[in-house]
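Predicted, not measured: the structure shown is a model, and the values here were computed from it.
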Amino acid sequence: MRLLLIHADSFSFAVTEKTSVAKVAEKREEIKMSGRFKECLVAFVAVEKGDEKSLVNTAKETAQAISDNAEKLGTRNIVVYPYAHLSSELAAPRLADRGFYRVYEELKEKKGYKVKAAPFGYYKSFKISCKGHPLSELGKTITAAKKKGEKEEAHE
């Protein structure tokens, strides 16, 4: 997975229209079509083709990288935002949807964080105010190998 992490004073987004992959995205009631956040870590996430080999582990490691960064920054607010523009080797849409929301779910399980997500499969407008300190912008690539004997979720 590819990550772009921005420590923001504020972040807001609003859905503008569906993309061609919206039809494969699972409906999740807790995911809102717009949001405004203050003092947060915005995690732009792209699920890549190679993530298919171990989607669960890659999502766990991605969530851990995001929470580690939030810890360093001293913020408890995290916004997970699907952002296909980080990669030219994207996973199939259904798998990308699953991987993206797996990262979101992993973060929600971590104690002490307030985690929100933008919806997968939609065009969105957004506004961000980056803090501008040395740790306020970070790009990462996360890969995870499937562990011996581990069963992986079925994918297409």
Side-chain angles (χ1 to χ4, degrees), residues 1-51 55 57-144:
M1 291 187 191
R2 298 282 173 131
L3 282 177
L4 174 61
L5 302 172
I6 305 286
H7 190 200
D9 287 317
S10 62
F11 178 72
S12 62
F13 74 89
V15 165
T16 57
E17 63 184 274
K18 288 183 178 182
T19 69
S20 61
V21 302
K23 62 185 171 278
V24 304
E26 290 183 31
K27 300 286 186 252
R28 293 172 176 88
E29 294 298 319
E30 76 273 16
I31 305 300
K32 306 299 181 200
M33 295 298 176
S34 65
R36 291 179 183 267
F37 313 93
K38 293 196 180 286
E39 179 54 45
C40 59
L41 177 62
V42 183
F44 293 94
V45 178
V47 181
E48 298 184 290
K49 282 183 184 176
D51 299 334
L55 189 62
N57 285 334
T58 306
K60 284 181 181 181
E61 290 190 25
T62 300
Q64 188 62 52
I66 294 167
S67 64
D68 287 349
N69 194 261
E71 197 68 35
K72 286 179 192 171
L73 297 169
T75 186
R76 309 315 287 165
N77 302 317
I78 300 172
V79 180
V80 187
Y81 191 97
Y83 204 64
H85 309 289
L86 294 175
S87 177
S88 60
E89 296 292 324
L90 296 171
R94 192 172 313 264
L95 190 68
D97 176 61
R98 287 185 199 146
F100 173 76
Y101 285 112
R102 186 65 183 236
V103 171
Y104 168 66
E105 292 295 328
E106 290 286 335
L107 284 165
K108 280 186 9 181
E109 290 177 11
K110 294 183 180 292
K111 300 256 188 262
Y113 291 104
K114 182 178 177 184
V115 183
K116 300 293 181 183
F120 181 91
Y122 294 84
Y123 293 111
K124 298 169 284 294
S125 63
F126 70 83
K127 292 181 183 177
I128 191 166
S129 175
C130 180
K131 288 189 170 283
H133 58 74
L135 299 176
S136 64
E137 301 171 68
L138 178 65
K140 284 190 157 217
T141 300
I142 308 292
T143 57

Decide, yes or no, whether a salt bridge links R28 with D97 under the criterion of side-chain N to carboxylate O below 4.0 Å. yes

Checking T16 side chain against Y123 main chain: does a donor-acceptor pair fall under 3.5 Å? yes

Point-to-point distance, once rounded to the nearest 0.5 Å, from CG of D51 to CG of N57: 11.0 Å

Closest heavy-atom pair and its distance - A8, V42: CB-CG2, 4.3 Å

From CZ (R76) to NZ (K114), nearest 0.5 Å: 13.5 Å

Tightest non-hydrogen contact, residues A70 and I78, listed as CB-CD1, 4.1 Å

Non-hydrogen atoms of A117 and Y101 that approach each other most closely: CB-CE2, 4.5 Å

Using 4.0 Å as the upper bound for N to carboxylate O, is an ion pair formed by K124 and E17? no

Determine whether L3 and M1 make a side-chain contact, defined as any pair of heavy atoms from C-beta on separated by less than 4.5 Å. no

Less than 4.5 Å apart, side chain to side chain, heavy atoms only: is that true for F37 and N77? no

Anything under 30° is parallel, anything over 60° is perpendicular, the rest tilted; go ahead and classify Y83 against H85. perpendicular

Which heavy atom of G99 sits nearest a heavy atom of A59, and at what distance? O-CB, 4.2 Å

Would you please classify the geometry between the F126 ring and the F11 ring as parallel, tilted or perpendicular, with 30° and 60° separating the classes? tilted

What one should report as the nearest heavy-atom pair of A118 and P82 is O-CD, 3.6 Å

From L90, V103, T58, L55, residue fulfilling side-chain contact (heavy atoms from CB on, under 4.5 Å) relative to V47: L55

Say you draw a straight line from CZ of R2 to OG of S87; how long is it, rounded to the nearest 0.5 Å? 5.5 Å

Student check: side-chain heavy atoms of I66 and Y113 closer than 4.5 Å: no

K131 NZ to L73 CG distance, which is reported to the nearest 0.5 Å: 9.0 Å

Contact check, side chains of M33 and P119, non-hydrogen atoms, under 4.5 Å: yes

With side-chain contact (heavy atoms from CB on, under 4.5 Å) as the criterion, how do V21 and F120 come out once you've worked through the C-alpha distance, each side chain's angles and the decisive distance to 0.1 Å? CA-CA 8 Å; V21 302; F120 181 91; 4.0 Å; yes

First locate atom CG of L86, then atom CG of L4, and finally report the distance between them rounded to the nearest 0.5 Å. 6.0 Å

H7 vs E39, side-chain contact (heavy atoms from CB on, under 4.5 Å): CA-CA, chis, key distance, verdict: CA-CA 8 Å; H7 190 200; E39 179 54 45; 3.0 Å; yes

Mind checking the CD-CG spacing from Q64 to L107? Nearest 0.5 Å is all I need. 9.0 Å

Test side-chain contact (heavy atoms from CB on, under 4.5 Å) on F13 and K116; report intermediate values, then the result. CA-CA 12 Å; F13 74 89; K116 300 293 181 183; over 6 Å; no

The single option from K108, K110, R102 that satisfies salt bridge (charged side-chain N to carboxylate O under 4.0 Å, His left out) with E106 is R102

